[in-house]
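Because only heavy atoms are used, hydrogens play no part in the values below, and waters and symmetry mates are left out as well, while side chains stay in. Below, read A as the first sequence line, B as the second, and so on, with proteins coming before strands; counting in each chain starts at 1.
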2 protein chains.
Amino acid sequence: MTSSHPLRRHIEQFTPISDEDWAMMEALLTERTIRKHECMIREGGMGRELGYILEGEMRHYYTYHGEEKTTYFYFENSLVGPYISCITGQPSQLTIEALSDTKLLVFPYTGLQKLYAQSKAWERFGRVLTEYLAIGLEERMVGLLTQSPEERYTQLLSSNKKKIIERIPQQHIANYLGITPVSLSRIRKRLSEK
Amino acid sequence: MTSSHPLRRHIEQFTPISDEDWAMMEALLTERTIRKHECMIREGGMGRELGYILEGEMRHYYTYHGEEKTTYFYFENSLVGPYISCITGQPSQLTIEALSDTKLLVFPYTGLQKLYAQSKAWERFGRVLTEYLAIGLEERMVGLLTQSPEERYTQLLSSNKKKIIERIPQQHIANYLGITPVSLSRIRKRLSEK
DNA sequence: GCATTCTCTTTACATAGGATAAGAAAAACG
DNA sequence: CGTTTTTCTTATCCTATGTAAAGAGAATGC
């Protein structure tokens, strides 16, 4: 007995949600398409909504010393948005851009906050979601601290994040690994010669 | 009207807690001293409890290729523990060691889970705490991806994390910055000559 | 279908950081 | 105290990555 809505199935991977609780969320959802190179949020803007990707892919980057540093990618069936700006109420330091035409369900963060307040199940969802977010960030940070760029690349090849290799331009992957595109090209050559 | 218990004050920075809710937590607490070089959790062990540091300092490291890689420090008035192992139920990959004799209040993670289940305020606390944890990790990750080791060091000097510089041996700070102690020593020399 | 643009690779050069080892300084300890 | 151990610095050498520029290849658009 799988629930029919893809977002509900996603949410219920974290914690079960009653029909009543789900109805509150469903009322918040709007479908939107973001065209390639357009943005869900730009640096300096206030984070007001989160989204769930139905199809497409997005990248998330910071601008530092005038350069775009891509730090994360999002694909279909995942939640995306300027969490930090939403949580802190400060202007977003990051930009989230569609890498291809991307179809999303969006909902306002204030709506999610009301769900948190109204229902213990939603509060729990928020906690568990954030726990998994933190685990992912911790793993990423430890990889950056302990592994060489080459190790990080080979690990990406053999991980459950193959999608990144398959669908994302190398310049952005290089950023994600903490190196330049030139260096990634060299690493790829080295590996292909082994 | 500040609450008298330091842990309660810490928790109420995130969300208010009623006397009743606080009483449930207080019943879980045990005071413990961990001597210098002893560990709260070792790699391979199951994470079963979290702690709040009353005095002292601890470091948190992963063992990778036979070397200890210190990735975080904890000081008085902060929560510490093998969160990830507690959350996932998997053996801990990290070790948390006291850098000096450290006095803690510890509580079992299963107890916290019961608080989550029994009270919406505790569930909210869990969410908000984890949100701040995630924000800290994101900032750390972005710094590792976008800044040079020298920039990371100078930023540490001028941040609210000065405690790290003041109280932690340089070999561990080097790890935290993602470089070797030798390299940190060179960076310090470079900076002192400017 | 041709031209333009974007992406990836390659080269040459400069440099910061890694590895190792040895010495200096500081801390721990009996 | 004085000894031992640990921590930090310095020196040498080496290598991977950064930068810049040019060329090859792919994708895009008119």
Check against side chain to side chain contact (heavy atoms under 4.5 Å, CB included), A:E38 and A:T33: CA-CA 10 Å; A:E38 289 182 351; A:T33 297; over 6 Å; no
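Sorted by residue number, the members of residues 177-186 of chain A with any non-hydrogen atom under 4.0 Å from DNA chain D read A:G178, A:I179, A:T180, A:V182, A:S183, A:R186.
In this structure, A:I187 places its CD1 atom 15 Å from P of C:dC8, rounding to the nearest Å. Put simply, CZ on A:R190 is 13 Å from P on C:dT10, counting in whole angstrom units. Taking atom CD1 of A:I165 as the reference point, atom P of C:dT7 lies 17 Å away to the nearest angstrom. Atom C1' of nucleotide C:dC8 and atom CD1 of A:I168 are separated by 16 Å, given to the nearest angstrom. Protein atom CD of B:Q171 is 14 Å distant from nucleotide atom P of C:dA27, rounded to whole Å.
Counting all heavy atoms, side chain and backbone alike, A:L184 lies closest to A:A174 at CD2-N, 3.8 Å.
Note on B:E68 versus B:R59: salt bridge recorded, some NZ/NE/NH1/NH2 to OD/OE distance being below 4.0 Å. Between B:R35 and B:E97, no side-chain nitrogen of the basic residue sits less than 4.0 Å from a carboxylate oxygen of the acidic one, so the salt-bridge criterion is not met. Checked for salt-bridge contact, B:E131 and B:R124 miss the test: no charged N lies under 4.0 Å from a carboxylate O. Remark: B:D19 engages B:R8 in a salt bridge, criterion side-chain N to carboxylate O under 4.0 Å.
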Give each protein N/O atom lying under 3.5 Å from an N/O atom of nucleotides 23-26 of chain C, with the pair distance.
none

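Checking B:L79, B:L112, B:L105 one by one against B:L50, the side chain to side chain contact (heavy atoms under 4.5 Å, CB included) holds for a single residue, B:L112.
Look at A:K189 and you won't find any side-chain N or O under 4.0 angstrom from OP1 or OP2 of C:dC8. Side-chain N/O atoms of A:R188 include one lying less than 4.0 angstrom from OP1 or OP2 on C:dT9.
Of all nucleotides in DNA chain D having an atom under 4.0 Å from a heavy atom of chain A, the first and last in 5' to 3' order are D:dT17 to D:dT28.
Taking A:Q147 as the reference, A:E151, A:R152, A:Q155, B:Y64 meet the side chain to side chain contact (heavy atoms under 4.5 Å, CB included) condition, with sequence neighbours excluded. For the side chain to side chain contact (heavy atoms under 4.5 Å, CB included) test, residues two or more places apart in sequence or in another chain that qualify with B:N77 are B:Y52.
A:M40 and A:M46 fall into different hydrophobic clusters, where Ile, Leu, Val, Met, Phe, Trp and Tyr are joined by side-chain heavy atoms under 4.5 Å apart, directly or via other members.
Judged by distance alone, with hydrogens and angles left aside, the side-chain atoms of B:K120 form no donor-acceptor pair with the main-chain N or O of A:E123 at under 3.5 Å.
For the pair A:I84 and B:E138, the minimum side-chain heavy-atom distance is below 4.5 Å.
Side-chain atoms of B:W122 and B:Q118 include no donor-acceptor pair closer than 3.5 Å.
Defining each end axis of the helix from C:dG1-D:dC30 to C:dG30-D:dC1 as the rotation carrying four pairs' C1' atoms onto the next four, with five pairs an end, the two axes are found to diverge by 50° to 10 degrees.
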